[in-house]
Amino acid sequence: MSTTRPINCIIPPYILDKLLDSGDSEVRRAALDTMLLTARLRGERAIRSSFTGAAAPGDGRRTVFDCEQEELLRNAVLARPEDGPESADPAVNRAFDALGLTRDFYQEVFQRNSVDGQGMRLDGYVHFGFKVNNAFWDGRQMLFGDGDGQEFSNLTGSLEVISHELTHGVTDHTSGFEYHNQSGALNESISDVFGALVKQWSLKQRAEEADWLIGADVWTPGIGGDALRSMKDPGRAYNNPQFGKDPQPDRMSRFIHLPDTKRGDFGGVHFNSGIPNKAFYLTAVRIGGFAWEAAGTIWYESLKASSAEDQFQDFASTTFQKAGELFGAGGPEQSAVLSAWQEVEVPIRGVPTGVARVRSFASNGNGAVREDGLAALARQIGALNDKVTQLAKNVAELKGTR
């Protein structure tokens with residue numbers, strides 16, 4: 001598999017496929033145009049990736065341009081620079097604010113200097129194309145369609161959508177998860193995780209207060225209570241006549257096997273991302289508090305420690321190891337990580353599947369967990385953590401000899 005990065009977009013191909021079956025000719029046309037545009041952008045990025053060169057540094061400075069419903073970025077007009085006044089166009093201001101919130105989140109929470117860690121400037125292009133039903137990260141900048149006005153509203157309307165796309169850039173500059181099969185599903189999941197965290201951070205929401213939905217503000221504005229994806233309940237984000245039922249699985253026994261082609265969503269990356277999404281949600285709510293503090297730190301440090309072709313089990317094992325390193329072997333954070341991956345049926349390397357799950361062991365009958373049960377589990381996990389650490393070292397050595 002080539003290391004070429006594809007164009008990343010928030011709307012999965014199976015949603016656009018459904019739009020092609022719409023009884024409304026305008027909706028069908030918008031979907032077709034969006035699919036053709038996505039293919040063109042993917043080709044352009046493939047060409048650019050063959051040339052070396054670092055992104056222009058700029059202390060994370062934001063610049064938003066207006067494409068005026070054209071597709072040629074060179075014709076876009078400056079709409080709002082970092083130090084410029086607020087625009088009369090709400091889409092410009094929403095893009096500008098979301099770029100800033102995402103930048104500030106990574107800086108304040110993880111001390112990361114913009115997408116690439118070196119101050120990469122953040123350029124956004126609004127009103128990209130005519131009725132384009134998508135938002136894109138092309139490796140250098142963000143592109144926002146206006147939506148068709150029926151099934152999608154303006155794509156700048158969702159903070160987690162924008163943060164999702166920018167996080168693809170963070171992944172490019174850290175693990176570089178290959179965009180196919182399980183590594184590609186991890187790539188998509190990481191963007192959902194940190195997209196959701198940026199939204200929660202901006203609202204100062206605790207894990208148990210958040211909705212854990214992706215894209216609820218821009219998709220099907222005429223239908224309430226649905227979203228593109230649900231991290232809390234993959235497979236239950238929507239169920240309506242236009243699009244059918246959300247196809248995402250929430251555990252490995254429901255993993256969807258698709259061909260590693262464009263038509264097959266590169267092995268189902270937008271489908272199977274539901275599995276690690278659910279693992280993060282479970283980890284966050286079981287630890288409690290603000291999800292970006294403990295669970296987010298574990299996932300971020302694991303992202304930096306991962307390799308491009310890592311599979312679900314590799315990443316799960318890394319999160320378990322990092323939880324122990326960051327918060328203590330056998331502690332509640334590591335226990336939450338273990339139980340979360342167990343629930344979605346992804347084993348931790350070196351940990352027997354029979355190890356008790358958090359919130360389900362040593363209960364006193366009133367919902368509380370007895371101290372003796374906690375201590376026993378802590379000792380058990382602490383011993384296993386040592387084994388996992390050694391196994392991780394062995395795996396890293398094996399990868400280095402390939």
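- Geometric assessment of K204 against the ring of W201 yields a positive cation-pi assignment under the 6.0 Å and 45° thresholds.
- The heavy-atom pair separating I11 from F152 by the smallest distance is CD1-CE2, 3.3 Å.
- Using modelled atom types, one finds no donor on one side chain facing an acceptor on the other under 3.5 Å when comparing H173 with D116.
- Exactly one residue among W292, F110, Y300 makes a ring pair (Phe, Tyr, Trp, His ring centres under 6.0 Å) with F105. That residue is F110.
- Legend: residues meeting side chain to side chain contact (heavy atoms under 4.5 Å, CB included) with L213, ordered by chain and number and at least two apart, are D211, A216, A227, S230.
- Here the closest heavy-atom approach between residue F136 and residue C9 is recorded as CD2-CB, 3.7 Å.
- Between D148 and R29 there is no salt bridge, since no side-chain N of the basic residue sits under 4.0 Å from a carboxylate O of the acidic one.
- Here the side chains of V115 and D172 are not in contact, with every heavy-atom distance at 4.5 Å or above.
- The closest side-chain heavy-atom distance from F312 to V344 is not below 4.5 Å.
- Two residues are said to be in side-chain contact when any heavy atoms from C-beta on lie closer than 4.5 Å; E165 and N8 meet this criterion.
- The local environment of CZ in R28 is crowded, with over 12 non-hydrogen atoms from other residues, nucleotides or ligands closer than 6.0 Å.
- W219 and I15 make their closest contact through CZ2-CD1, 3.8 Å (heavy atoms, listed as atom of the first residue, atom of the second, distance).
- For the atom pair NZ of K262 and NE2 of H180, the computed distance is 15.5 Å after rounding to the nearest 0.5 Å.
- Checked by atom type and distance alone, the side chain of Q69 never pairs as donor or acceptor with a backbone atom of G129 at under 3.5 Å.
- E345 places no side-chain N or O within donor-acceptor distance of the main-chain N or O of Q342, the cut-off being under 3.5 Å.
- Partners of R94 according to the side chain to side chain contact (heavy atoms under 4.5 Å, CB included) rule, which considers only residues two or more places apart in sequence or in another chain, are P90, A91, N154, T156.
- In this structure L20 satisfies the side chain to side chain contact (heavy atoms under 4.5 Å, CB included) test together with D17, A31, L32, M35, sequence neighbours excluded.
- For the side chain to side chain donor-acceptor pair (under 3.5 Å) condition, no pair includes a residue of residues 232-247, sequence neighbours left out.
- Here CG of L282 is found 10.0 Å from CE of M231. Values are rounded to the nearest 0.5 Å.
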Apply side-chain hydrogen bond (donor to acceptor under 3.5 Å, both in side chains) to residues S189 and N277 and explain how you reach the verdict.
CA-CA 6 Å; S189 175; N277 275 2; 2.7 Å; yes
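- To the nearest 0.5 Å, the span separating CG on L303 from OG1 on T319 amounts to 12.0 Å.
- Between the side chain of E333 and the backbone N or O of G328, no donor-acceptor pair lies under 3.5 Å.
- The NZ atom of K278 lies 5.5 Å from the CD atom of E343; values are rounded to the nearest 0.5 Å.
- Between the side chain of Q334 and the main chain of G330, a donor-acceptor pair closer than 3.5 Å is present.
- A 4.5 Å side-chain heavy-atom check between I190 and F315 finds at least one atom pair inside the cut-off.
- Between Y125 and M142, the closest side-chain pair of non-hydrogen atoms is not below 4.5 Å.
- Taking both residues in full, the closest heavy atoms of P234 and G274 are given as CG-O, 3.3 Å, listed atom of the first, atom of the second, then distance.
- Within the 4.5 Å cutoff, the side chain of V170 has no heavy atoms near those of the F194 side chain.
- Annotation: side chain of D265 is not in contact with side chain of P12 (no heavy-atom distance under 4.5 Å).
- F327 meets the ring-ring contact (aromatic ring centres under 6.0 Å, His included) test with no other residue; sequence neighbours excluded.
- A distance of 4.5 Å separates CZ of R103 from CZ of R62, quoted to the nearest 0.5 Å.
- Proximity of a side-chain donor or acceptor of S175 to a complementary backbone N or O of S306 within less than 3.5 Å is not detected.
- At distances below 3.5 Å, not a single donor-acceptor pair connects side-chain atoms of S153 with backbone N or O atoms of G149.
- Taking each heavy atom of I298 and A323 in turn, the nearest pair found is CD1-CB, 3.7 Å.
- Aromatic rings from W341 and F320 are positioned such that their centres are separated by 6.0 Å or more.
- For the pair S191 (side chain) and E188 (backbone), a donor-acceptor distance under 3.5 Å is absent.
- The shortest heavy-atom contact between A30 and T34 is O-OG1, 2.8 Å.
- For S202, the side chain to side chain contact (heavy atoms under 4.5 Å, CB included) criterion is met by L101, L159, not counting sequence neighbours.
- To the nearest 0.5 angstrom, D59 atom CG is 6.5 Å from N113 atom CG.
- With hydrogens and angles ignored, the 3.5 Å screen pairs a side-chain donor or acceptor of E160 with a backbone N or O of G215.
- At a threshold of 4.5 Å between non-hydrogen side-chain atoms, the residues D146 and K131 do not count as touching.
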